[in-house]
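The structure appears right after this line, and notes come after that.
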Amino acid sequence: GVWRQTRALLFKNCLIKCRTKKSSVQEILFPLFFLFWLILMSMMHPHRKYDEVANTNLGTLDTNVLVNFVIGYTPPSRTAREIMKKVAFDNFEDGLITEEYLSEEELQEASAFKPSNFVGVVFTDTMSYQLRFPDSVAMSSIYMESR
């Protein structure tokens, strides 16, 4: 019955493993090599642990820093215009200067000629965006250490 078929299958697999020693050794050593490599890489780049920060009241936003602050955005769409209007006028009394650009290349050229108070916003779709500062792309600091 079942026991005889299982025993025959195990015997067949043992014969195959004995006849193909090179591939059998590779099946054992490659995972061990990769495991060793992963352990070595994790030891070379240990994770940093940060202490807990207590809750503090940061106070009100100093709007003097944002005087003559320019935010350029692309592509010009109805959703992007509404978002930038909310950012500029709903959160700040004086409002920020928002500029609309037709393409990302125009936005990059404008940031090269503008002073350091220029920030670009590139909307990739209706729910996501990237911030562009002069000569750089802002990335989240949360994921920097675990790359």
Review point. So which heavy atom on P31 is nearest to which on Q26, and how close?
Key: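 Heavy atoms of P31 and Q26 come nearest at CD-O, 4.0 Å.
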Check your understanding: Closest heavy-atom contact between A80 and P75?
Key ->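 Answer, listing the atom of A80 first, then P75: CB-O, 3.7 Å.
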Heavy-atom distance under 4.5 Å between the side chains of [X] and [Y], does that happen here?
X: F30; Y: V25; result: no
X: M84; Y: I71; result: yes
X: Y73; Y: V122; result: no

Exercise for review: List the steps and the verdict of side-chain contact (heavy atoms from CB on, under 4.5 Å) for L131 and V121.
Suggested key: CA-CA 5 Å; L131 294 178; V121 180; 3.8 Å; yes
If you round to the nearest 0.5 Å, how far is [atom2] of [Y] from [atom1] of [X]?
X: K22; Y: E27; atom1: NZ; atom2: CD; value: 13.0 Å
X: T79; Y: D125; atom1: OG1; atom2: CG; value: 10.0 Å
X: F118; Y: L107; atom1: CZ; atom2: CG; value: 4.5 Å
X: I39; Y: F34; atom1: CD1; atom2: CZ; value: 14.0 Å
X: R4; Y: R7; atom1: CZ; atom2: CZ; value: 8.5 Å
X: I16; Y: T20; atom1: CD1; atom2: OG1; value: 7.5 Å

Tell me if a side-chain donor or acceptor on [X] pairs with a main-chain N or O of [Y] at a distance below 3.5 Å.
X: S24; Y: K17; value: yes
X: S128; Y: T124; value: no
X: T74; Y: Y101; value: yes

Point to revise | Short N-O contact, E82 and R78, less than 4.0 angstrom | key: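 Salt bridge flag = yes for R78 with E82.
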Check your understanding: Please walk me through it: do I83 and F123 pass side-chain contact (heavy atoms from CB on, under 4.5 Å)?
Key -> CA-CA 10 Å; I83 291 171; F123 290 95; 3.9 Å; yes
